[in-house]
Amino acid sequence: MSMNTADRFDLVTRHTTEVVTDEELGALLETETPSVYIGYAPTGEMHIGHFTTMRKLADFLRAGLNVTVLIADLHAHLDDEKSPFDLLDARSAYYEEAVEAMIAAAGGDPGQVKFVRGTEFELDPEYTLDIYRMAAETTLARSQRAASEVVRESDSPNLGGLLYPLMQTLDVRALEADIAYGGIDQRGIYMLSRELLPEYGSSAPVCLFAPLLSGLSGGKMSASDAGSKVNLTDDPDLVAEKIEQAYCPAGELEENGVLEYLEHLVFPVLAGREEEFVVERPEQYGGDLVYEPGGYEQLEADFLSGELHPADLKPAASAYISAVIDPVREQLTEQPELLAAAYPEKYGE
RNA sequence: CCGCCCUUAGCUCAGACUGGUAGAGCAGUCGACUGUAGAUCGACUUGCCCCCCGUUCAAAUCGGGGAGGGCGGACCA
């Protein structure tokens, strides 16, 4: 690649919330063609929160990394049976399609991404044996702590949730990933991985973490609260409705999902296309506002100062969000059988 | 293998002893107030009370059986 190391480093690390560690990543980017992987457990429907990591995959590709997406089907079941065992195939198929569509919509080439399902290698004898070896030397408390932000909490936790971090650790090795990328909620697990893998003759992965976006109703995005997130299959009217109802206090950035969507999703995509962000505004409030590609900082400043009012921002935000996810929605709705098979209760026969 | 406990609204649970076809909090919906949303007021909605059989004029409630879940014992002592 003609890109120099500093540029590569910036590209790889932008829009991340933590890098473990800068030094290791720097060294990695100087030498070879590093590999990065991210795992998605095919549980609930994919949503806009996933999109921010997809956009990073486009960055990774541009930086010349080998990118692997793991569809962690076994994990989806191990975590409190979030996905029933006999729906794993259907949900994996849906995830694969959705991920490809999102990568494309985010300006990347899905053809350059390697897709792997967990069951393709997690049942290999060597892998299985190492699960047992790690299980023998890992305490319940350690595993539980590692998984606490990821695995569903319960008064009566299942064994599956405790195996989960160990398997994720072995995934890093099996996929020969130099870099593990995931939401910051994955931190606990990968810190365990960094501890364990060297004991098993592998090097610890460099870890890159994505910020978790706030939900639209304030607080975290919640799977159980439909209004807290935009789904990939939401049509523009529904997106508009959700954004209209979103928590968005004037002049405040904290837990402001609308602004976070713009920062981590809309503006990066617009920047890739060199398109402006236009807020249409009635004359009585000052007329239209135009932001340059990459002009999120300015928008945020205007929002903080009160120059940009939420009531004006929201319609613009929902229009651009819809535009970004539109191709994904179309691709998915063209194949209704995918969703019907993956979520029969909701889209079923 | 044995014993005990649990199963009621979307969620967490009361109500069961003393039968009279259900309640609270949260969530949700709708108004008011804000140039958005939230917050705050005001109003409203929500149910195969796990299933089957039985007793009874009447069963969420009592009796029997079943299913699902949880805890403990049993070996080590």
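Quick note on labels: first sequence line is chain A, next is B, and so on, each numbered from 1.
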Inset, instruction - Can you tell me, in whole Å, how much space there is between the C1' of B:rA9 and that of B:rC33? - result: 30 Å
Legend entry - Nucleotide forming a Watson-Crick or wobble pair with B:rG19, both distances under 3.5 Å: none
Legend entry - Counterpart base for B:rG68, defined by Watson-Crick or G-U wobble contacts under 3.5 Å: B:rC6
Inset, instruction - Examine the side chains of A:Gln298 and A:Glu292 and answer whether a donor and an acceptor come within less than 3.5 Å of each other. - result: no
Legend entry - Span that lies between the P atom of B:rG64 and that of B:rC5, in whole angstrom: 12 Å
Inset, instruction - Sticking with atom P, work out how far B:rC51 lies from B:rU61, rounded to a whole angstrom. - result: 10 Å
Legend entry - Strand partner of B:rC48, provided both Watson-Crick or wobble distances fall under 3.5 Å: none
Inset, instruction - Name the pairing partner of B:rA24, where a pair is Watson-Crick or G-U wobble with both distances under 3.5 Å, or state none. - result: B:rU12
Legend entry - 5' to 3' contact window, RNA chain B with chain A (heavy-atom distance under 4.0 Å): B:rG35 to B:rG70
Legend entry - Span that lies between the P atom of B:rA22 and that of B:rU45, in whole angstrom: 15 Å
Legend entry - Distance, P atom - from B:rG38 to B:rC50, rounded to whole angstrom: 35 Å
Inset, instruction - Decide, yes or no, whether a salt bridge links A:Arg117 with A:Glu122 under the criterion of side-chain N to carboxylate O below 4.0 Å. - result: no
Legend entry - Rounded distance in Å between the P positions of B:rC11 and B:rA74: 37 Å
Legend entry - Residue pair A:Asp171 / A:Tyr127, side-chain donor-acceptor N/O under 3.5 Å: yes
Inset, instruction - Provide the Watson-Crick or G-U wobble partner of B:rC1, both distances under 3.5 Å; none if there is no partner. - result: B:rG73
Inset, instruction - Under a 3.5 Å limit for both distances, which nucleotide forms a Watson-Crick or G-U wobble pair with B:rC62, could you say? - result: B:rG54
Legend entry - Rounded distance in Å between the C1' positions of B:rU21 and B:rA59: 9 Å
Inset, instruction - Only pairs at least two apart or in different chains count here, so list each ring pair (Phe, Tyr, Trp, His ring centres under 6.0 Å) that has a residue in residues 232-270 of chain A. - result: A:His15-A:His264, A:Phe267-A:Phe277, A:Phe267-A:Tyr296
Legend entry - ILVMFWY cluster, A:Val172 and A:Tyr40 together (side-chain gap under 4.5 Å): no
Inset, instruction - Once you apply the 3.5 Å cut-off to both distances, tell me the Watson-Crick or G-U wobble partner of B:rC33, or none. - result: none
Inset, instruction - Write down the distance separating the P atoms in B:rC4 and B:rA27, rounded off to the nearest Å. - result: 40 Å
Legend entry - Sidechain N-carboxylate O distance under 4.0 Å for A:Arg329, A:Asp234: no
Legend entry - Side chain to side chain, A:Val20 and A:Phe209, heavy atoms closer than 4.5 Å: yes
